[in-house]
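Report on one structure; see the data block that follows.
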Amino acid sequence: MKGLIALKSKEDYIERVLYTEEEIATRAKEISAQISEDYKDIAKPLLTVGILNGAVMFYTDVVRRLTIPVQFDFLIASSYDANSHTSGKVNILKNLDNDPKGRDILLVEDIIDSGTTMNFLINYFLDKKANSVKICTLLNKPSRRKVEVKIDYCGFDVPDEFIVGYGLDFAQHYRNLPYLGILNRSVYGGK
Ligand code: IMP
Ligand code: MG
């Protein structure tokens, strides 16, 4: 990434801030309350699965306020290459530590774009005899959908722009920004 080191202020790489830290926190609290309500009669702890690395910030926001019994787990899936083109093929690079059989699973994702990753994971865990699989995503980009996915909990619908921050990266950069912003096209050579 030529020039990355030289970038100094966020104006150099962020076109526009979409959601501030405060707005994200408010939305995450609302979603936690809804999840706690929906699973209030759950028999076994909810298996909350953070999809690494992008969902890590949103995952902690959501799980810390759940009032139901939960267990943590994490998964790494890859369907995207570093140039932001989806490959259409999903690989599980790190699987769950828990057996999904008979469990209620909540997949927590950063963004649903083509839908390929989440569609694959839902079917994968249903094949493994999970009791239920639901999706909680910070962002949804409906205009880019290629595969239909039922989203149970969604932070925000976003436009067809490349978004970074709050866990989301471009080629592993910008994940630590405390807000969500549209990446300036000049960063990745676009017009
Ligand atoms: P999908 O399988 O096409 O839905 O892709 C989902 C994955 O693509 C996400 O988990 C992200 O890693 C990545 N992705 C899609 N859109 C963006 C974006 O705007 N910014 C950062 N990552 C993105
Ligand atoms: Mg991801």
Side-chain angles (χ1 to χ4, degrees), residues 1 4 7 10 12-21 23-24 27-28 31 48-63 73-96 105-126 133-191:
M1 290 214 37
L4 188 78
L7 296 174
K10 82 167 194 277
D12 289 333
Y13 50 85
I14 296 297
E15 183 75 38
R16 177 160 69 89
V17 173
L18 276 180
Y19 295 103
T20 63
E21 198 171 0
E23 287 169 325
I24 299 166
R27 191 72 192 103
I31 290 172
T48 56
V49 177
I51 312 298
L52 298 176
N53 297 326
V56 71
M57 299 219 202
F58 181 56
Y59 179 87
T60 64
D61 287 346
V62 169
V63 295
D73 214 328
F74 298 94
L75 182 145
I76 302 179
S78 97
S79 72
Y80 239 66
D81 65 27
N83 300 318
S84 78
H85 296 297
T86 186
S87 68
K89 193 170 161 282
V90 180
N91 297 308
I92 295 181
L93 305 179
K94 182 229 170 281
N95 212 325
L96 301 190
I105 295 179
L106 181 69
L107 299 173
V108 183
E109 175 63 306
D110 54 358
I111 183 165
I112 299 183
D113 185 65
S114 70
T116 311
T117 311
M118 282 299 111
N119 180 62
F120 173 87
L121 291 177
I122 292 170
N123 291 325
Y124 177 82
F125 288 120
L126 290 176
V133 186
K134 283 194 182 184
I135 306 281
C136 174
T137 186
L138 172 58
L139 300 178
N140 177 32
K141 237 192 238 182
S143 57
R144 298 254 309 168
R145 200 70 89 249
K146 287 188 188 143
V147 190
E148 206 185 314
V149 180
K150 180 178 180 290
I151 301 176
D152 300 283
Y153 309 97
C154 176
F156 307 101
D157 279 354
V158 289
D160 184 10
E161 299 279 0
F162 203 83
I163 296 160
V164 294
Y166 217 80
L168 287 92
D169 72 307
F170 173 69
Q172 302 303 328
H173 293 281
Y174 314 112
R175 288 195 196 275
N176 66 322
L177 297 176
Y179 52 84
L180 286 158
I182 296 176
L183 185 65
N184 197 316
R185 280 166 194 258
S186 65
V187 174
Y188 53 94
K191 281 178 263 164

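Keep in mind it's a predicted model, so treat the numbers as computed, not measured. One-based numbering, in listed order, for ligands and for the atoms of each. Numbering starts at 1 and runs along the sequence shown.
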Any N/O pair Ile163/ligand 1 closer than 3.5 Å: yes

CG of Leu183 to CZ of Phe162, rounded to nearest 0.5 Å, is 7.0 Å

Leu121 side chain near Ile51 side chain, heavy-atom distance below 4.5 Å: yes

Quick check: do Tyr19 and Tyr166 have side-chain heavy atoms less than 4.5 Å from each other? no

Is the shortest distance from a heavy atom of Met118 to ligand 1 less than 4.0 Å? no

To the nearest 0.5 Å, what is the distance between CE (Met118) and NZ (Lys150)? 14.0 Å

Side chain to side chain, Asp61 and Leu138, heavy atoms closer than 4.5 Å: no

Looking at Leu180, Leu139, Asn140, Ile111, the heavy atom closest to atom 23 (C) of ligand 1 belongs to Ile111

A student checking ligand 1 against Thr116 at a 4.0 Å heavy-atom cut-off should list atoms 2 (O), 4 (O)

Let's go through Phe170 and Tyr13 carefully: what are the C-alpha distance in whole Å and the side-chain angles of both, what is the deciding distance for ring-ring contact (aromatic ring centres under 6.0 Å, His included) to 0.1 Å, and is it a yes or a no? CA-CA 11 Å; Phe170 173 69; Tyr13 50 85; over 10 Å; no

Less than 4.0 Å is my threshold; does some heavy atom of Asp169 fall inside it relative to ligand 1? yes

Mark yes or no for whether Asp152, through its side chain, and Cys136, through its backbone, hold a donor-acceptor pair below 3.5 Å. no

If you measure every N/O of Gly115 against every N/O of ligand 1, is any gap under 3.5 Å? yes

Contact between ligand 1 and Val164 is defined here as a heavy atom of the residue under 4.0 Å from a ligand atom; is it met? no

For Glu161, the ligand 1 atoms whose distance to one of its heavy atoms is below 4.0 Å: 19 (O)

Do side-chain atoms of Arg27 reach the backbone of Cys154 as a donor and acceptor pair under 3.5 angstrom? yes

When you measure from the heavy atoms of Arg144 to every atom of ligand 1, does any distance fall below 4.0 Å? no

Drop me the distance from Leu168's CG to Ile111's CD1, to the nearest 0.5 angstrom. 5.5 Å

Using a 4.0 Å heavy-atom cut-off, which part of Lys146 comes near ligand 1: side chain, backbone, both, or neither? neither

Any donor-acceptor pair under 3.5 Å from Arg145 side chain to Asp113 backbone: yes

Sub-4.0 Å atoms of ligand 1 with respect to non-hydrogen atoms of Leu168: 20 (N), 21 (C)

Number the atoms of ligand 1 from 1 as they appear, then name those within less than 4.0 Å of a heavy atom of Asp110, with their elements. 9 (C), 10 (O), 11 (C), 12 (O)

Ligand 1 atoms in contact with Thr117 (distance to a heavy atom under 4.0 Å): 1 (P), 2 (O), 5 (O), 6 (C)

Option with minimal heavy-atom separation from atom 15 (C) of ligand 1, where the choices are Leu183, Asn119, Asp113: Asp113

A student checking ligand 1 against Glu109 at a 4.0 Å heavy-atom cut-off should list atoms 10 (O)

